[in-house]
Visitor: 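Below is the structure I would like to discuss, written out as structure tokens.
Each chain gets a letter, A, B and so on, in the order the sequences are listed, and its residues count up from 1. For the numbers below, each heavy atom of this structure counts, side chains included, while hydrogens, waters and symmetry mates do not.
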Amino acid sequence: MIKNKTLRDSINFSSFLLPAFILYSIFFLFPLFSGVLYSFTRWNGISFSKEFIGIENFKEIFSDKRFLGSLFFTFKYAVLNVIFINIFAFALALMLDRTVKGIGFLRSVFFMPNVISMVIVGFIWQFIFMNVVGEMSRFMGMPFLNQSWLGDPHIALYSVTLVSVWRGTGYMMIIYLAGLQTINSEIIDASRIDGASNWGKFIYIILPLMIPSINICLFMTIANSFKMFDLVFAMTRGGPGYATEVISLNLYNEAFLNDRYGYGIAKAVVLAIIIMIVTYIQLKVLKKREVVL
Amino acid sequence: MMKFKGILIILLICVFCTSAFAAGEKVVLKYYQYKPEIVDQLDKLAELFHEQNPDITVEVESVGKDYITILKTKIASDDIPDIYAVQGLANMQSYVDAGILEDLTNEPFIKNVAEAAKPAVTYNGKIYALPLDLAGLGVIYNKGLFEKAGISSPPKTVSELKEVIQKIKNIGVIPFGVAFKEEWTLRHMYAMGQAATVKPIEFAEEMNAGKAQFWNDKMNKAFETFDLIAENCNEKPFESDYTNQTTMFAQEKTAMMTQGLWAMQNVFNVNPDIDAGMFGLPVFEDPDTARLMVDVDYRIGINAKSKNIEAAKKFLDFMTSKAATDIWIAECKLISSVVGTKVDAIGSSVALDIKSYIDSDKTYPWGYSYWAPGLSNEIGKLMQKYYLGELTKEQVCSTMDDLWKKAISK
Amino acid sequence: MLTLKLSKIKNIVIFALLFAFALFFIMPVYFTIINSFKPLREIVTSYTSIPKTFYLGNYIKAWIKTDYPRVFLNSLIITIASVSGIVLVSSMAGYILARTPGKLSWFIFIIIVFSMIIPFHSIMIPLIIVIKKLNLSNSIHGIIIVYWGIGCNFAIFLYHGFVKTIPKELEEAAAIDGCSRFQIFFKVVFPLLAPVTSTIVVLDTLWIWNDFLLPLLVLQKRAIKTIPLSQYVFVGQYYSEWGLALAGLTLAVIPVVLFYVFMQKYIVKGITTGALKG
């Protein structure tokens, strides 16, 4: 039956791949490339004239102080967000990787925030920061709680990160859980017989086998952090002033409110390049340590 | 089998013909707008219109905060609604330049529009949209609290304002409720201050010619009032949003707020018995300069490329009729821009105050409508920075100058 | 299945930590729910107190205003059809990419994966133009096809990763038995991918159910709107009805929560079955 295996392989390859790839090309790749073309124009988003201006937009970005400020803020946010989400998600997955009664309920609790749409999450937390926390600080006698969580430009970074971690941890926790549960229990048992301590098991067996999951989660949290839009849009709109304006919000304002669509898309391209570089480094570093069964 | 197929085909052709024929008769107008709070009333108006014009149906679709984004996306994808709400004069100018707003200057129903409402829909001497309301912006105040504090009439000068502030503090109430979190409230406040210092249309022309700037002595004086507000407002002003501002006012924790007529809707939800009024923000010692900013907030235009322009014009004409404006005033609770309408049906003394300012010609247009595109979005943020101490008042103004230059160089 | 066996004390400490954490996670949901049962007047007087009476007015008004049964049905149809399509095309694509060595395969994979870093706003306008040109706008089947297109990148990414943890010997054995590639995939590999499939089903369901921007752009007719779109009526430019908004969003969230709690069991089931077979 090995009649022209390469031909059969090619047919299989195409038929398995094509449905997804065609759909993806039409609805993602093509819009993406047309979008990139716009970044070389001076289009305002409404008129029909799209004047080609080469790389003028990109040159302007480097002297755009507000954009550079957004970049800096987004970086700070990304670092905090990635670290905390992954640590909490991994820890929770470890703690919840058991089949005792009620574990399903507990897992649901931690996943709950992710079930709610971003817009509404922003809304609820605004409500909490503005009203509930103030009241609570009086009840519980903790004046420290009575800060201007969203209004003080120095604190706002941490408030936004807090909500983001609250929301994002459950999502990554699921991925870590799936990863933990594909680790064959025989390997764990074997190591116990060999006398490995819990800590030893963790470092030498679990961690290395979890690298694919860690890879996936890191990649996603990094990309999501840089792309973040909905949460800031709902909670602070980038304020006060420009204090919490993340890159996505900056480019959105540029494209849709300032009527500079071409310039806004140019910023989107720059953002994409930044994410690409960061995640490329991340994937390369961890790929070396991947263990394939 | 063939016979069956044949009958099926004939049936299909018949269905197709009748539906095409019917479709040719009836017109469906798409009306896209951004005030979700009046959707029910607009539906009612569409129903009423349909009764009078059975072959035209108006489909109202609304979206709230992201209106501009969606509308621009629709325009870019050539999916422009027949009738759509135009947010702001600067946007209207862009749409006219792009050829997607029909010229309405010589339409008969434009005669029904009050003169005061016309500048907001005029570009290059022609009218491109129908204004439906006249919104008033000023200082909304609690009449009951003012009485309690021994204030006989609203302040008209800065010194009177300072007295009022002191008297309010004496009865243990916060003078001003603010919502610094929402940059548009600061935009309104700034515009109120600037309105007393320059005439917007001339200002815009001079700015375009490079002859004017945002900063001048008069603006300096206006900033004094801005400082007064910030010094006598609720705690955690940057945390406070529009809901908080209106709620505090409704609960009588604050006595005044710089807002528009629409704010009363929220206020009445919490406290339907409150007695409120509106006065112009004093910026100078001359009482005549303390006026209300009254201008068109809501205007609708017709897509110049629509296939149903005549039908759309009929709808706009209907919207200026008595039946329509009655519903507009009584149920949408907005002042109508149509000549000869009264505001009593709104049931709010704030509306009555606004009307009296209009009648005595003590109004200013909304200055920021005439600014270069994009600038009205920035001023609120710059004022936030000013209040945070990150920018001086001169810097706020010079930044606006720079932004204007950038905007018109496109 | 326990990956680590710990002493009793450590277990108690862990559970205490979990409990505290869980409280923090639930706190906002708790406040949302208790305030949804208060009329607006009561909400603004005290945000943290328990409602004086079980006020149902918000829920009734929200149900009617958002046309709940209809939007629920729309969301349901769109979500189920989209997720099914994504799982089908992505599992196949992820599988074949993982099992085919070589530069072409790697290149295609990178193209698919790198798109995950693109923010939606960058492709928004060109995407809408494409949708309009293909006559898919303002229709339920239209938006479903779009979701297939933009949802498969993440799913392919996950499938690709996990296929690599399935030993090739199983497939080789089936091939020797005379199975075609299709049969190998659907009868041997796909069942083993159950944990990943469950994960993708859960995550994509949540994404699509809660998605706001794409439906906002594509679905204009009131009759085909989804739940998140219907929520928007409560938050306008100068207007926010908190009591209604909180009740409305609770209504929107209940189906998804129930869905997750239900799926929870299947994830565990899928995993234990997979483990036994492996």
Visitor: So for B/Leu382, is it side chain, backbone, both, or neither that comes closer than 4.5 Å to the heavy atoms of chain A?
Guide: side chain
Visitor: Does the ring centre of B/Phe238 sit less than 6.0 Å away from the ring centre of B/Phe180?
Guide: yes
Visitor: Please classify the contact between B/Lys72 and chain A as side chain, backbone, both or neither, with a heavy-atom cut-off of under 4.5 Å.
Guide: both
Visitor: Identify which part of B/Thr73 has an atom lying under 4.5 Å from any heavy atom of chain A, answering side chain, backbone, both or neither.
Guide: side chain
Visitor: Among B/Phe214, B/Trp371, B/Tyr368, exactly one meets ring-ring contact (aromatic ring centres under 6.0 Å, His included) together with B/Phe203. Which residue is that?
Guide: B/Phe214
Visitor: Would you call the rings of B/Trp215 and B/Phe223 parallel, tilted or perpendicular, where under 30° means parallel and over 60° means perpendicular?
Guide: tilted
Visitor: Does any backbone or side-chain atom of B/Glu183 lie under 4.5 Å from a heavy atom of chain A? Answer side chain, backbone, both or neither.
Guide: neither
Visitor: Taking side chain as everything from C-beta outward and backbone as N, CA, C, O, which of these in A/Trp43 sits under 4.5 Å from a heavy atom of chain B? Side chain, backbone, both or neither.
Guide: side chain
Visitor: Hey, which of B/Lys385, B/Lys181, B/Glu239 has the most heavy atom pairs under 4.5 Å with chain A?
Guide: B/Glu239
Visitor: Can you say whether B/Leu375 sits under 4.5 Å from chain A via the side chain, the backbone, both, or neither, judging by heavy atoms?
Guide: neither
Visitor: Side chain, backbone, both or neither: which part of A/Glu254 has an atom under 4.5 Å from a heavy atom of chain B?
Guide: neither
Visitor: When the aromatic ring centroids of B/Tyr67 and B/Tyr32 are compared, is their separation below 6.0 Å?
Guide: yes
Visitor: Checking heavy atoms, do the side chain of A/Tyr252, its backbone, both or neither come under 4.5 Å from chain B?
Guide: side chain
Visitor: Aromatic contact between A/Phe58 and A/Phe40, with the criterion being ring centroids under 6.0 Å apart: yes or no?
Guide: yes
Visitor: Just so I understand: if I count every heavy-atom pair under 4.5 Å between each of B/Ile68, B/Asn377, B/Thr69 and chain A, which residue has the most?
Guide: B/Thr69
Visitor: When you check the side-chain N and O atoms of B/Asn234 and B/Lys253, is any donor under 3.5 Å from an acceptor?
Guide: no
Visitor: How are the rings of B/Trp262 and B/His188 set to each other: parallel, tilted or perpendicular (split at 30° and 60°)?
Guide: tilted
